[in-house]
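To keep things clear, I will list the structure first and then write my remarks on it.
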Amino acid sequence: MKERLVSHAYGTDDASLPSPPAVTDIRHTLREQSRNASANAEPRPGPTVPAAVRRWKLWLLTVCGIYPTIVLLGLATNPVLGDLYLPVRLAVLVPAAAAAMVWQINPRLQRHFGAWLTR
């Protein structure tokens with residue numbers, strides 16, 4: 001019995017308990033204010049969805065970026081790594097080239113050719 005009185009006093013949405021008139025009026029007023037505010041509000045531009053990047057263009061841009069990177073790294077490290085077997089040299093060159101591509105070259109290429117990538 002006490003639970004029923006307490007829940008009735010706080011205006012719960014229990015279907016078996018009637019809501020007090022004051023709570024119902026406040027809820028109705030808040031709903032009306034919300035509807036009026038959204039109806040009179042200026043439309044806000046929604047988040048823009050980036051245009052889809054053409055995969056073949058991204059591939060071409062990556063090839064154009066990675067080829068000179070690998071050639072230059074190969075030439076720069078040839079005096080030091082020239083005596084090592086090819087797989088060992090590649091084990092050094094590939095992580096360095098990937099790091100350069102991810103953090104330096106690709107962001108610059110995509111910034112420069114961004115409009116072309118999505119056409």
N/O donor to acceptor pairs below 3.5 angstrom from side-chain atoms of residues 108-115, sequence neighbours left out:
from, atom 1, to, atom 2, distance (Å)
Arg108, NH2, Gln104, OE1, 3.1

Could you tell me which non-hydrogen atom of Arg119 sits nearest to which non-hydrogen atom of Arg54, and how far apart they are?
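Closest approach of Arg119 to Arg54: O-NE, 2.9 Å.
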Kindly state each residue pair satisfying side-chain hydrogen bond (donor to acceptor under 3.5 Å, both in side chains) with at least one member in residues 86-96, sequence neighbours excluded.
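Checked against side-chain hydrogen bond (donor to acceptor under 3.5 Å, both in side chains) - neighbours excluded - no pair reaches residues 86-96.
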Compile the donor-acceptor pairs under 3.5 Å between side chains in residues 59-81 and protein atoms, sequence neighbours left out, one pair per line.
from, atom 1, to, atom 2, distance (Å)
Thr62, OG1, Leu58, O, 2.8
Thr69, OG1, Gly65, O, 2.6
Thr77, OG1, Leu73, O, 2.7

Give a yes or no on whether Val53 and Trp56 share a hydrophobic cluster (residues Ile, Leu, Val, Met, Phe, Trp, Tyr; joining criterion: side-chain heavy atoms under 4.5 Å apart).
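Same cluster.
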